[in-house]
Amino acid sequence: MALKPIVPVILSGGSGQRLWPISREFYPKQLINLVSDDSMLQETAKRLGGPTFGPPLVVCNDVHRFIVAEQLRDAGIETQAIVLEPQQRNTAPAAALAALILERRDSETVMLLAPSDHVIANQEAFLSAVRTGAEAARAGRLVTFGITPGHPATGYGYIKKGTAIDGIEGCFVIERFAEKPDAETAADLFSAGGYFWNSGIFVFSAALYIETLQRLRPDMVEACRKAVDKGRDDLDFFRPDGVAFGTCPAVSIDCAVMEHANNGCVIPVDMGWRDIGSWAALWDLGDKDADGNVRIGDVVAKNVRDSYLRSDGPMIVAIGLKDVAIVATGDVVLAVSKHAVESIKAVVEELKDAGRTEVLSHPRVYRPWGWYQTLDLGERFQVKHLMIKPGAGLSLQAHKHRAEHWIVVVGAARVTRGDEIITLGEDESTYLPAGTKHRLENEGAEPLSVIEVQSGSYLGEDDIVRFDDRYGRD
C-alpha cells in the first residue's frame, strides 16, 4: 500500500525583529523577497511540494492573513488550511493547533513542521532526510534534523547525537541539547564532533505529538483543544478561539517536548541550510563583489570591505568601512557592525516601548484590497497614494473626524458617495465630507491609483466605521 503524503505545517507567525528595518511587525521577513524573486514563505511552500507532500497547513499571525493567502495563491499553492494564531505562543502551541486539526481529519497523519524563514540549497539531501524522518515518525519517533555545522556558530542551539537507532539508517538517539553557546563553548562543541546545529524542523505523527504533549504539558493540550473546538471558519481561514488560546503557555517544541521525550531522535543532514535570522546571515549567503561586499539597490561604496549594503529607498554612499551592515528604507537607515547585529532586537523593543510606528509598518501599508502609502503628513492633513487591485475594493465606511478628497491618477474608479454611485476617470476627483458613507472600488483589469487628501481634527486609522466589507473585517 502506498504511503500517505506527508503534510507540511508551515510556521509563518514571527515578526523578524533582527532583520529590522526591512522586516516590520505588520510585514515581516517571511513575506519579503530576501534571497530570490519569491518571498521566504513562497520559497518554503514550493520546497514542500511534489509527490512526497500533501497540501500544506499554514499557521500565521492574524494581521498577516490576507498577505499570506495572496502570496500562496500567486505561487500556485493550494492549502489545507490557513490557521490564524490569536497570539504568538511559540512553536509548541502552534504545532499543537496544527496537530489537533490534522489528527481529526486523519489519525495517521505524518506532519513536517517547518519555519517559513529558512534557506535550503540542497533539495535532494533535504528530501532524503524527510523520507527517513517520515519512516522514523511512522515507527513512533519524534524527529528533528541536525545540520552539519560548517563553523562554530553562536547563533544556533546544538544537538548531540547518541547511538544509532536500529532499522532506520541515519537516525540517532538524541544524547543532549545545548542552548545557543558563547564563542568559547561553540568552538568546543564544534571541535568535539557529534554535535549538530538545531534546525527547528521536525517530523512526527500528529497523534503522537498530541499524546506526548498530553503527558508532558497537559495544560497546553487543554488550551489548544478548547481553542480548536471553539474556533470558526472565516472566509479562507480558520480562527481558533482567542480566549482559550490566550491561556496557553508560550514554550518552544524543544523545551516542551523534545528535551523530555524518550522517543526523540535526530537525523544529521548537510543540506545547505541557513536560518535567515540576521543581516550577518544575509551577508554570508549573498553574492559578494571583489571586496567582499553584498550590494543591493542604489549603493555606492568606496574603500568598503566585507559589508552588507542594501537600499530599498535612498542612495547609500559608504566610504572607508569594514564589517558593517547598512540598510536603508523609505523612512529608516540602520548602520550596525556585523558583530553587533544580535542587538537589533533589543533596540526594536526599545523603539516599540517608545511608541515609534517604524517598528510596526513600512511607509507602504498592505491591505487585502492593495496598499496605501503616506506621501505627506502635517497638522490637520495627510496625503496618501492608494493602489486598488483589479476586482478589489475598500469597505463601505465613514469617518467621524475627517473629510477626504479622491483624485484618480491611473485607471477608473467606482465610487459610492452617500446614496449615489459614480465613475471617475483619470484626472477626475470627488469630495467626501466627514460622516459620508463611501466606498472605492476597482472594476477594471489594471491597478487603480488614487491620491487621497485627508483633512480634519483627527487622522488616525482607527477613525473608521465599517458598514460592509468583503474581507470580513470589523
Side-chain angles (χ1 to χ4, degrees), residues 7-16 23-34 36-49 53-88 94-95 97-98 100-102 105 111-118 227-228 231-242 245 360-362 364-372 386-395 440-442 445 447-448 461 466 468-474:
V7 176
V9 174
I10 302 174
L11 301 182
S12 183
S15 57
S23 178
R24 313 260 178 126
E25 192 167 313
F26 293 164
Y27 205 87
K29 62 178 179 178
Q30 63 267 25
L31 305 177
I32 299 171
N33 303 359
L34 287 173
S36 74
D37 292 335
D38 289 324
S39 72
M40 301 295 295
L41 171 65
Q42 290 171 321
E43 283 209 342
T44 302
K46 289 180 177 180
R47 182 186 311 128
L48 301 175
F53 303 101
L57 182 151
V58 179
V59 182
C60 74
N61 191 302
D62 177 81
V63 75
H64 307 148
R65 64 193 187 280
F66 293 113
I67 306 169
V68 167
E70 182 177 4
Q71 287 198 357
L72 292 172
R73 279 196 298 269
D74 286 347
I77 305 297
E78 182 178 345
T79 63
Q80 290 204 32
I82 299 177
V83 180
L84 307 180
E85 282 185 293
Q87 303 94 20
Q88 290 188 26
L97 290 176
L100 286 164
I101 292 169
L102 294 173
R105 297 177 182 179
M111 52 190 276
L112 179 141
L113 196 76
S116 56
D117 57 353
H118 290 178
V228 172
R232 61 184 176 87
D233 292 322
D234 178 7
L235 299 177
D236 297 330
F237 312 104
F238 178 74
R239 290 184 177 276
D241 180 75
F245 192 69
L360 300 177
S361 63
H362 298 86
R364 178 170 294 182
V365 178
Y366 290 87
R367 291 288 188 258
W369 44 262
W371 52 259
Y372 71 82
L386 312 182
M387 190 286 292
I388 299 89
K389 296 181 294 187
L394 283 65
S395 59
L440 179 62
E441 298 173 279
N442 179 8
L448 167 66
E461 286 299 309
R466 287 195 175 96
D468 176 64
D469 183 60
R470 67 183 72 182
Y471 309 108
R473 297 170 297 172
D474 295 329

When you compare the side chain of [Y] with that of [X], does any pair of heavy atoms fall below 4.5 Å?
| X | Y | answer |
| --- | --- | --- |
| L72 | L41 | yes |
| L440 | I388 | yes |
| I32 | Y27 | yes |
| I82 | L84 | yes |
| P56 | I10 | yes |
| H118 | M40 | no |

Distance-minimising heavy-atom pair for [X] and [Y]:
| X | Y | result |
| --- | --- | --- |
| S12 | S116 | CA-OG, 3.4 Å |
| S23 | G16 | OG-O, 3.1 Å |
| L113 | P115 | O-CD, 4.2 Å |
| W369 | R473 | CD1-NH2, 3.9 Å |
| F26 | I67 | O-CD1, 4.1 Å |
| P240 | V83 | CG-CG1, 3.7 Å |

| Distance-only side-chain donor-acceptor flag, E25 / S15, under 3.5 Å |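 The answer is no; no qualifying pair exists.
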| query | Just checking, any donor-acceptor pair under 3.5 angstrom between side chains of R466 and S395? | reply |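 Yes, a side-chain donor-acceptor pair sits under 3.5 Å.
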| How many angstroms lie between CG in L386 and CG in L394, if you round to the nearest 0.5 Å? |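 So the gap between those two atoms works out to 6.5 Å.
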| said: I need the M387 CE to L448 CG distance, nearest 0.5 Å. | reply: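 It is 9.0 Å, given to the nearest 0.5 Å.
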| said: Using 30° and 60° as the class boundaries, would you call the ring planes of F237 and F66 parallel, tilted or perpendicular? | reply: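 Because their plane-to-plane angle is over 60°, the rings of F237 and F66 count as perpendicular.
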| field | Side-chain donor/acceptor of Q42 to backbone N/O of Q71, under 3.5 Å | value |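 Yes, the answer is positive, given that a donor and an acceptor are paired below the 3.5 Å cut-off.
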| message | Under a 3.5 Å distance rule, please check whether N33 uses its side chain to pair with a backbone N or O of S39 as donor and acceptor. | response |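 Flag set: sc N33 to bb S39 pair under 3.5 Å.
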| field | Chi angles and distances behind the side chain to side chain contact (heavy atoms under 4.5 Å, CB included) call for L11, D117 | value | CA-CA 9 Å; L11 301 182; D117 57 353; over 6 Å; no
| Stepwise side chain to side chain contact (heavy atoms under 4.5 Å, CB included) test for F245 and L97 | CA-CA 9 Å; F245 192 69; L97 290 176; 3.5 Å; yes
| task | Dump the intermediate steps for side chain to side chain contact (heavy atoms under 4.5 Å, CB included) on S36 and E43, then the final yes or no. | result | CA-CA 8 Å; S36 74; E43 283 209 342; 2.5 Å; yes
| said: Between R239 and D62 (salt bridge meaning N to carboxylate O under 4.0 Å), is one present in this structure? | reply: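 Here R239 pairs with D62 in a salt bridge, since their nearest N and O are under 4.0 Å apart.
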| Do the charged groups of R73 and D236 touch, with an N to O distance under 4.0 Å? |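 Result for this pair is yes, salt bridge flagged.
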| query | salt bridge (charged side-chain N to carboxylate O under 4.0 Å, His left out) with E70: which of R367, K389, R65? | reply |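 Among the candidates, only K389 passes.
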| request: Check the surroundings of atom CD in E461: do more than 12 heavy atoms from other residues, nucleotides or ligands lie under 6.0 Å from it? | output: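 Yes.
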| message | Could you check whether atom CG of D468 has more than 12 heavy atoms from other residues, nucleotides or ligands sitting under 6.0 Å from it? | response |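 Buried by this count: over 12 neighbours within 6.0 Å.
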| Test log, rule side chain to side chain contact (heavy atoms under 4.5 Å, CB included), inputs Q88 and N61 | CA-CA 8 Å; Q88 290 188 26; N61 191 302; 3.7 Å; yes
